[in-house]
Amino acid sequence: METPAKIELQHVHFAYEDHEVLHDINLRIPPNQIFVLFGPAGSGKSTLLRLLNRLTDFSPEETHLQGKVLLDGQDIFAPDVDVTRLRQRAGMVFAKPVPLPLSIRDNITYGLTLGGRRDRSTLDETVERSLHAAALWDEVKDRLDDPGMALSGGQQQRLCLARTLALQPEVVLLDEPTSGLDPISTLQVEEALFQLRESVTFIVVPHSVQQAARVADRAAFLLMGELVEEGPADVLFTRPKDKRTEDYVTGRFG
Amino acid sequence: MTTASASKEPSRAVVNWREFAVEQIVRLLGLSAIALVALIFAFLLKEGAATLQEVPLSNLAGTRWYPTFGYFGLVPLVMGSLLVTVGAVLISVPLGVGVAIYLGEIAPEPLRDVLKPTIEVIAGIPSVVLGFIGVLAFSPLIRQYLGAPTGLTAITGSVLLAYMALPTIISIAEDAMDAVPKSYRDAAYALGATEWQTIWRVVLPSARSGILIAIMLGVGRAIGETMTVMMVTGNAARIPTSLDAFLRPARTMTATIAAEMGEVAQGSTHYHVLFMVGITLFVLTFLINAFAAVALFRSERRGGGRLLS
Ligand SMILES: Nc1ncnc2c1ncn2[C@@H]1O[C@H](COP(=O)(O)OP(=O)(O)O)[C@@H](O)[C@H]1O
Ligand SMILES: [Mg+2]
């Protein structure tokens, strides 16, 4: 028996109204590594990520889910699940950096204060730890009270990462986190992920196949809502089993 | 554009001539709007300035407004206007923003489709009709339930003005919240915020410049309002000394001008003082708008609550 999966999807079907976006997905994501989910636009990558912390609950459309999504073996859609707690355990970073209209410090402590934590020294400690983890501390330590919006794009994205890390999540979902960033900022974000992967399960939707190959420990190829192939990165990006995966990673379509 | 039409001399001349004409007309319209405001103010100044020669400042700054006996104290009128307006703001802002939140964030789609147009219809009710309703239906309630000696009080005016300001506040505040990008909400939800926490801590602050504008426009309508106020506030010029001034009659600047202008002899001292009241109103309104604009500008620079990116 392999190590227990951090996240497991069993026969997951997901649809917006009558438009099926994910079709019979079966997937086991092991803990504490970088798992990459890639495929052409419209394949359902974002939908899959949003399913994992139930952001799909807020969809204005009607949604239909079949199958099971398990976090540490627990069904996250079970009726007794504390959704707030789930979202803290499985945090999310989006494609466009969205600092909240608050100071740098308050952006990071926002999630904690929602939970009612007010203790100043804990909060300060969290701010410093999270900013270090996101490789942003040195750049902002003297201006923690400036608005988060005043940072550059790359810094904003690392702020968003720090904000997510502040909640000490077990899983972090990143949806094309570097798609709007310059190459240097991209490397800084990737570097931050490498530093943390011993203790956090990252699920990353990359913005290019190159990035997928660069950061992945394991990867899965998603095409039109179907999981085509899943496996260790070195296999998937060098000798994929499926012709469609090969065509995509070698740039023949996509 | 020049090179393309260079070969066709006549048509280019026609186009240029038209362009020129349109430009001049638009410029004229723009300038005349500015000139009109300037003229109004100049006229106010010209008619009001005589006051300063005819009435000593100590009289103008006095607490009694009895024009027939030569008492021209502006203070009770200014206070009356402020009282009624502040009351209207205190009622309309929480209510308006609350309704906007409900409409934009909470109400189910079909209900919203009925409520929004209904609210906008309220904006079209002529103020004299509102005043009528106020006198007949609303003021008896005030007398009965708030224990006021008469139903025609400052609070009666405040409530009706709030009612007039509400559609503007609701509709513009709702638009402002609607413009907050979905990504902000997602970010808050992803941190474990509930819907209400997201509205309170993310949507409202992000939309605050729009909400402030909504309040300014709504209150702007209220402060300049004459008819309703004249009909329902009882028009007694007195200085509010405590909170229960809300339950006593009050007299605003606008109501004073409207009520007395028709009865004064042109060129008399009373006539000049009424223009002085107009100048005071003009300046006060200007100051309030300027303060609001500065506050807006400040909060924008500090909080960075812009709807950018
Ligand atoms: N909120 C939504 N409502 C309806 N359809 C959606 C919604 N979000 C995504 N979709 C549809 O689901 C499909 C997959 O989208 P998405 O998960 O964003 O794919 P990807 O991230 O791989 O580009 C697309 O066809 C898209 O149009
Ligand atoms: Mg996507």
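Letters A, B, ... are given to chains in the order of the sequence lines, protein chains preceding strands, and every chain is numbered from 1.
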(request) Answer yes if the side chains of B:Thr156 and B:Thr153 hold a donor-acceptor pair under 3.5 Å, and no otherwise. (result)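 Yes, B:Thr153 and B:Thr156 have a side-chain donor paired with an acceptor closer than 3.5 Å.
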(request) Please check if any side-chain donor atom of A:Arg87 sits under 3.5 Å from a side-chain acceptor atom of A:Asn53, or the reverse. (result)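 No, no side-chain donor-acceptor contact under 3.5 Å.
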(request) With rounding to the nearest 0.5 Å, note down the distance linking OG1 in A:Thr109 to CG in A:Asp106. (result)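 Nearest 0.5 Å value for the OG1-CG distance: 4.5 Å.
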(message) If I measure from the heavy atoms of chain B, does A:Arg50 come under 4.5 Å with its side chain, its backbone, both, or neither?
(response)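 Looking at A:Arg50, just its side chain touches chain B.
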(message) Please classify the contact between A:Leu114 and chain B as side chain, backbone, both or neither, with a heavy-atom cut-off of under 4.5 Å.
(response)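 Both backbone and side chain.
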(message) Looking only at the aromatic ring of each residue, does the gap between the centers of A:Phe35 and A:Phe202 stay below 6.0 angstrom?
(response)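 Between A:Phe35 and A:Phe202, which both carry aromatic rings, the centre distance is not below 6.0 Å.
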(request) Please look at B:Glu109 and chain A and tell me whether the side chain, the backbone, both or neither of the residue comes under 4.5 angstrom of a heavy atom of that chain. (result)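 Interface part for B:Glu109: neither.
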